Structure formats: C-alpha cells, structure tokens
Engineer: 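First, the structure itself, so that you have it in front of you.
Model, not experiment: these values are computed from the prediction. If you read the sequence from its start, that first residue is 1, and numbering goes on from there. Counting starts at 1 for both ligands and their atoms, following the listed order.
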Amino acid sequence: MNDRADFFDEASLIGAHDEGNAFDAVVPPIVQTSLFTFKDYDEMLATYRGEKVRPTYTRGLNPTVRMFEEMLAKLEGGEDAIGFASGMSAISSAVLSFVEPGDRIVAVKHVYPDAFRLFGTLLKRMRVEVTYVDGRDEEAVARALPGAKLFYMESPTSWVMEAHDVGALAALAKAQGIPSIIDNSWASPIFQRPLTLGVDMVVHSASKYLGGHSDVVAGVVAGSKELVGRIRAEAYPYLGGKLSPFDAWLLIRGLRTLPVRMRAHQAAGLTVAKRLAEHPLVEKICHPGLANRLPPGLTGTSGLFSFIFREGVDIRGFADRLNLFKLGVSWGGHESLVVPGEVVLQQKAQPNSAMAFGVHPRSVRLHVGLEGTEALWSDLEAAIAAASSNDKK
Ligand SMILES: Cc1ncc(COP(=O)(O)O)c(C=O)c1O
C-alpha cells in the first residue's frame, strides 16, 4: 500500500504556529477570551464597517481557532477552513448553507447515523428531500443527481466501510453544477485529500483522528474561500456552533502527530483485520485495505473497520470478555473500541442508517488503537474463543 503520510512534511503542520509566539514558546498560546477590546472609536468603527479585520468576539473570530483552521486548510489542500463545536455542527451548518425548502440533496447510503437523522428530521421538516444512492454504483449516482442542490458523500462509509471512487463521483456532481461535500473523518487528510480529487467541501468530525486523544468534540469544514465563505456568512454565526479556543488548541496539538498516528492505526488495523479474516469463526471483513486495491485517491487505511461473525458466536459473551478493547462509541483516539451491530440495531432514538440500510446483526465494529498489536490480538482471540459455542464457560 502506498503510504503517503510522508507527503505531509512538517511544513504542513508548522507554519501556522511558529510566528509571533510569546517568549518563542514552542507551543502556541490559547487565546481563551470571549471578547477583544478596541484601542479607540476609530478602530471600532473600522472593524464594524469591515475595513479592518480583527477579533471582536470569539463566536466570530478567535486567533487560536483560526490557527487550527489554517493548519487544517493546508492539510486538506483547501483555501480556507472553518471550525465547529462538533462534527455534527459542521455537517448541519454546511448542509443548511446550500439548501432551501423544496430542494433535494443526494446522499450516499450508510452515512454517519446522525447525518442520516439530520436529513430525515430537520431537513425533512424544512421540506428538503434526500435521495440515497449506492456510492459504488456510478450510474445510479449519475441518474440521481440532475436537479439536486447538493451531493453528500462519505467514503469509506460508516460501519460497512464501502470505499468509493471519490474523484469519479465528484466529477459527476461537477458536470451537473452541483456542489459536493464529503465526510473525510475516517481517512483523515493523511490518507485522502478529497479537495484535490475534485470534491468541493470536506467535513470532519475532528473528535476522531484530527484530535486523536478522545478529549475533544469538534468539527471542521474545508474548501474554497467562496464556499467556506458562504457557511461563514450565515450558518456559522447564527447557528453559533463555535469551536472553543481550548478545543482548537487541543486539535493543534493533535494535528502535529496526525501522520505518525495514522500510520500506526493503519498498521495495527491491517494486522488485526488480516488475522480476523483467517479466523474460522469470522465470516466476512469490511475493511477497504483487504480489497484487491484501494479506490483512486485513498492512499491508506485507518484503524476503524467491521467484521461479521459466523453463526454460533455469543456476541454478548465476546464483548464482555474483552479486556483491552472497551465497549464504546466514537473512535480515533489511543483506545481500542468495540461496538456490536446487534446493539446498534436496537437503538431507541430515531431510526439510524444502520437500520435503514441494513447492517448485519452478527457484525461488530472495531477501532484498533495504539495499545500494541500483539496484545490487542491476544485480547480478541481469547474473547472469541471464550464466546464460541464449543467453548462456552
Ligand atoms: C463518520 C462520522 N462523521 C461525523 C461524526 C459526528 O461527529 P461529532 O460526534 O464530532 O459531532 C461522527 C461521530 O461519531 C462520525 O463517526
């Protein structure tokens, strides 16, 4: 596999924060303030008139948040980026900036469950319709696009990890003049840079790999000045899902180790996935790295994938016997995590995309973290053995 992590030499990750730091500190300061005062009337007036750009109030502009946005824009190859208080805030603000009542958007199946619910609740109430398409079927995508206002992608998709030819799908939208947006949380800009493949906007749950330490909930949208500017003009200030300075600071810290963490998740994830693929009690692995080849533009794989047990494995017993792998949602941090599909299929809140598009009830999602591959494998192997019907304890 072509590991392009080295492409992002330190230049992409420094730059934004090595200028003007107080005391030449190697780590940037956190500008933890809600407001910024003006030196005099004229400066205030010039700022209100838009003749001078400077921070006024942190919901609009904050230097620490801006530093993160500039770093992320560089990493994704975009002109601009805008930070949010969560991935969902980024997704909802971006989508709402491009639709109005009566519009239709096209989305790929198996999008992140709360994006699916956003489309099925708030957008539906706004009379915005959603057509779901199989992102692997380019003809179906081409048929669905005409007349749509936005094309929403995620690749690889949540849970079933279907990896799409993102560049080809983006070209179909471009041919119709439809802006496209992709959730790139899984691959991170280390392994997929959708803007360079022709997608118009990239969204992240920065709570995942960008932060990388399970200590921040945040989101970001990157793209051209024009499209990010559209989000910045209305949805950003008025919905107000602002990324906080402290969380931006944690993200800046996270970005500095993103390439090395992604390589480590890739290596550990592939090793575990390949061993599971050979396990007699495993029926199927959903991991793009185990296919013959990755789609164009996806240059590596992360630590998140799912697999399907053969009949006869007690999945509750498997989950409860794990030690290193913890039962937990989210992913992208140091920890290894497991989510059984049969639990997700019983979620009480609004229907989720797993129910709508069908995930296998014997499937299990794994996030392979950084605790050490051999120890993680031993944990999985022992839990599977203990939970198999021949060896129930
Ligand atoms: C693929 C994907 N996109 C978006 C989100 C939403 O991000 P957040 O939880 O930061 O709002 C998640 C969160 O789990 C996710 O897995």
Side-chain angles (χ1 to χ4, degrees), residues 65 68 72 76 81-96 107-122 135 152-164 166 181-189 191-192 194 199 201-222 235-236 239-244 247-248 250-251 254 262 265 269 286-288 298 301-306 326-333 335 337-339 341 343-344 347 349-350 352-354 357 359 365-369:
V65 175
F68 163 69
L72 200 278
E76 283 289 5
I82 185 167
F84 288 90
S86 68
M88 277 314 300
S89 178
I91 291 169
S92 55
S93 297
V95 170
L96 288 170
V108 296
K109 293 179 178 177
H110 295 288
V111 290
Y112 171 63
D114 278 343
F116 175 81
R117 291 182 172 123
L118 166 73
F119 300 158
T121 55
L122 295 184
Y152 187 90
M153 295 183 261
E154 187 180 317
S155 181
T157 55
S158 285
W159 202 278
V160 292
M161 306 294 156
E162 290 168 3
H164 305 146
V166 166
I181 181 162
I182 187 167
D183 185 330
N184 197 32
S185 309
W186 185 92
S188 90
F191 292 141
Q192 183 165 260
V199 181
M201 287 167 282
V202 168
V203 65
H204 280 278
S205 169
S207 326
K208 310 296 186 274
Y209 288 122
L210 301 186
H213 294 75
S214 308
D215 51 11
V216 58
V217 172
V220 64
V221 183
Y236 178 69
L239 296 178
K242 177 75 183 186
L243 174 61
S244 81
D247 286 345
L250 288 171
L251 293 174
M262 292 310 292
H265 284 292
C286 304
H287 185 309
L298 182 63
T301 58
S302 68
L304 187 75
F305 66 96
S306 63
K326 302 294 178 202
L327 276 165
V329 297
S330 198
W331 42 275
E335 316 70 39
L337 298 164
V338 65
V339 184
V343 171
V344 171
Q347 190 171 16
Q350 317 265 355
N352 59 37
S353 42
F357 303 121
V359 303
R365 192 185 77 177
L366 288 187
H367 178 249
V368 181

Engineer: Are the side chains of R117 and N352 in touch, meaning some heavy atoms are under 4.5 Å apart?
Structural biologist: yes
Engineer: In the protein, which heavy atom is nearest to atom 11 (O) of ligand 1, and how far is it?
Structural biologist: M88 N, 2.8 Å
Engineer: Please step through side-chain contact (heavy atoms from CB on, under 4.5 Å) for the pair F84 and V203, ending with a clear verdict.
Structural biologist: CA-CA 10 Å; F84 288 90; V203 65; over 6 Å; no
Engineer: Among all protein heavy atoms, pick out the one at the shortest distance from atom 14 (O) of ligand 1; state its residue, atom name and that distance to 0.1 Å.
Structural biologist: K208 NZ, 2.8 Å
Engineer: Between P194 and E76, is any pair of side-chain heavy atoms under 4.5 Å apart?
Structural biologist: yes
Engineer: Which ligand 1 atoms does A218 reach within 4.0 Å, using its non-hydrogen atoms?
Structural biologist: 10 (O)
Engineer: With side chains defined as the heavy atoms from C-beta onward, is the minimum distance between S89 and L239 less than 4.5 Å?
Structural biologist: no
Engineer: Assess, by modelled atom type and distance only, whether the side chains of S214 and E335 contain a donor and an acceptor separated by less than 3.5 Å.
Structural biologist: yes
Engineer: Within the structure provided, determine whether W186 and M161 are in side-chain contact (heavy-atom separation under 4.5 Å).
Structural biologist: yes
Engineer: What are the two closest heavy atoms between V344 and A354, and how far apart are they?
Structural biologist: CG1-CB, 3.8 Å
Engineer: Just to confirm my output: which protein heavy-atom neighbour is closest to atom 8 (P) of ligand 1, and how far is it?
Structural biologist: G87 N, 3.3 Å
Engineer: What do we get for S89 next to ligand 1 when only non-hydrogen atoms under 4.0 Å count, side chain, backbone, both or neither?
Structural biologist: neither
Engineer: How close does the nearest protein non-hydrogen atom get to atom 3 (N) of ligand 1, and which residue and atom is it?
Structural biologist: D183 OD2, 2.6 Å
Engineer: Pull out every atom of ligand 1 sitting under 4.0 Å from any heavy atom of S86, numbered as shown with elements.
Structural biologist: 10 (O), 11 (O)
Engineer: What protein heavy atom sits nearest atom 10 (O) of ligand 1, and how far away is it?
Structural biologist: S207 OG, 2.6 Å
Engineer: Report the nearest protein non-hydrogen atom to atom 6 (C) of ligand 1: residue, atom name, distance rounded to 0.1 Å.
Structural biologist: Y112 CE2, 3.4 Å
Engineer: What part of W331, side chain from CB on, backbone N/CA/C/O, both or neither, has a heavy atom under 4.0 Å from ligand 1?
Structural biologist: side chain
Engineer: How about W331 and Y209: are their ring centroids closer than 6.0 Å?
Structural biologist: yes
Engineer: Under 4.0 Å from any heavy atom of E154, which atoms of ligand 1 are there?
Structural biologist: 1 (C)
